[in-house]
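Just so you know, residue 1 is the first one in the sequence shown, and it goes up from there. Being a predicted model, the structure only gives us computed values, none of them experimental.
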Amino acid sequence: MSDRDYRAPGLLVRRVLNPLVGALAQRGITPGDTAVLAVRGRRSGTVRTVPLTPVLLDGTRHLISPRGETDWVRNLRAAGGSAELRGRGGAEPVSATELDAAAAVPVLRAYLRGLGRAAGMLFDDVGPASSDAELAAAAPRHPVFALG
């Protein structure tokens, strides 16, 4: 995956929505199941945070990066999957394992179905009606992590 596989959020999301949702989530006030992922920066060593919505599938929580090779994905990989999830229940240490394309398919499907029409705002290559083959082909562009 390369930098071109990263879809940067717009100014409104980057400067207003993410900081607002992140601040609320840190205080336990979250829309839906939104939480804040806190992971050490791969270069700075400083803890970086980003609001995300874990997907629960078969009793396991997952994190999906619809925007591709984001900084949080790179930081999580560099941290060996070690991070913290902050939300309504407080701060919880987690260990994230990146899934291969085949294992990511059902998680991506659940996430896309949960997004419904909004999926088009985040994914330009797959949607709720995509086939397993299409999801498997898109999976390397949308990293998926299982949380333990």
Side-chain angles (χ1 to χ4, degrees), residues 1 3 5-128 130 135-136 138-148:
M1 187 167 283
D3 285 341
D5 291 322
Y6 169 63
R7 291 180 55 204
L11 186 63
L12 178 66
V13 170
R14 200 172 55 246
R15 298 289 179 151
V16 178
L17 294 179
N18 275 355
L20 176 63
V21 171
L24 291 173
Q26 297 253 37
R27 289 166 181 75
I29 306 166
T30 58
D33 295 324
T34 302
V36 172
L37 178 71
V39 62
R40 228 165 256 296
R42 63 194 178 283
R43 293 185 200 142
S44 69
T46 302
V47 173
R48 304 294 184 179
T49 60
V50 62
L52 299 170
T53 303
V55 172
L56 183 63
L57 184 65
D58 298 330
T60 300
R61 290 175 299 169
H62 299 83
L63 298 178
I64 295 112
S65 179
R67 296 189 181 280
E69 287 282 317
T70 61
D71 280 331
W72 74 260
V73 167
R74 292 174 182 156
N75 290 339
L76 192 56
R77 286 174 180 155
S82 180
E84 189 175 81
L85 206 57
R86 302 171 181 170
R88 291 183 183 158
E92 170 193 5
V94 294
S95 178
T97 303
E98 191 165 2
L99 302 182
D100 64 22
V105 167
V107 181
L108 284 170
R109 181 168 308 291
Y111 187 64
L112 289 163
R113 285 186 175 152
L115 288 173
R117 289 184 183 163
M121 293 185 330
L122 295 173
F123 293 84
D124 60 1
D125 53 351
V126 289
S130 294
L135 291 174
R141 294 186 301 278
H142 306 287
V144 176
F145 297 85
L147 298 180

K.L.:
Would you check if Leu63 and Leu147 make a side-chain contact, meaning some heavy-atom pair closer than 4.5 Å?
P.N.:
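Of all side-chain heavy-atom pairs linking Leu147 with Leu63, at least one is under 4.5 Å.
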K.L.:
Taking the side chain as every heavy atom from C-beta outward, state whether Glu69 and Pro143 have any pair of such atoms under 4.5 Å apart.
P.N.:
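Sidechains of Pro143 and Glu69: in contact.
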K.L.:
Answer whether the closest heavy-atom distance between the side chains of Arg141 and Asp125 falls below 4.5 Å.
P.N.:
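Answer yes - side chains close enough.
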K.L.:
Does any pair with a residue in residues 38-47 pass salt bridge (Lys or Arg N to Asp or Glu O under 4.0 Å), and if so which ones, sequence neighbours excluded?
P.N.:
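Salt bridge (Lys or Arg N to Asp or Glu O under 4.0 Å) check on residues 38-47 returns Arg42-Asp71.
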K.L.:
Would a 4.5 Å heavy-atom cut-off, applied to side chains only, mark Phe145 and Leu76 as touching?
P.N.:
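They are in contact (side-chain heavy atoms under 4.5 Å apart), so the answer is yes.
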K.L.:
Is a side-chain donor or acceptor of His62 paired with a backbone partner of Ala146 at a separation under 3.5 angstrom?
P.N.:
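No; zero donor-acceptor contacts below 3.5 Å.
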K.L.:
How close do Pro128 and Gly116 get, heavy atom to heavy atom, and via which atoms?
P.N.:
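Distance-wise, the nearest heavy atoms are CG-O, 3.7 Å.
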K.L.:
Check the orientation of Tyr111 and Phe123. Use parallel for under 30°, tilted for 30 to 60°, and perpendicular for over 60°.
P.N.:
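Rings of Tyr111 and Phe123: perpendicular, as their planes differ by over 60°.
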K.L.:
CG/Leu37 to CZ/Arg48 distance, rounded to the nearest 0.5 angstrom?
P.N.:
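Going from CG on Leu37 over to CZ on Arg48, the span is 13.0 Å.
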K.L.:
Taking all non-hydrogen atoms of both residues, which atom of Ala101 and which atom of Ala136 are closest, and how far apart?
P.N.:
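Smallest interatomic distance, heavy atoms only, reads CB-O, 3.6 Å.
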K.L.:
Considering non-hydrogen atoms only, spot the tightest contact between His142 and Pro66 and give its length.
P.N.:
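Shortest heavy-atom contact: ND1-O, 2.9 Å.
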K.L.:
Starting at CG of Leu52, measure out to OG1 of Thr34 and round the result to the nearest 0.5 Å.
P.N.:
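Rounded to the nearest 0.5 Å, the CG-OG1 separation comes to 8.5 Å.
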K.L.:
What I'd like to find out is whether the side chain of Leu57 reaches to under 4.5 Å of the side chain of Pro106, using heavy atoms alone.
P.N.:
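Leu57 vs Pro106: side chains touch.
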K.L.:
Going by side chain to side chain contact (heavy atoms under 4.5 Å, CB included), name the residues that satisfy it together with Ala103, two or more places apart in sequence or in a different chain.
P.N.:
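Testing Ala103 for side chain to side chain contact (heavy atoms under 4.5 Å, CB included), a comparison that skips the adjacent residues, returns Leu99, Asp100.
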K.L.:
Can you list the residues that meet the side chain to side chain contact (heavy atoms under 4.5 Å, CB included) rule with Leu56, with sequence neighbours excluded?
P.N.:
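Here the qualifying residues are Arg61.
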K.L.:
Quick one: does Ile64's side chain get under 4.5 Å of Leu108's, heavy atoms only?
P.N.:
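The answer is yes, as the side chains (C-beta and beyond) meet within the 4.5 Å cut-off.
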K.L.:
With a 4.5 Å limit on heavy-atom distance, are the side chains of Leu135 and Leu112 in contact?
P.N.:
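Yes. Closest side-chain heavy atoms under 4.5 Å.
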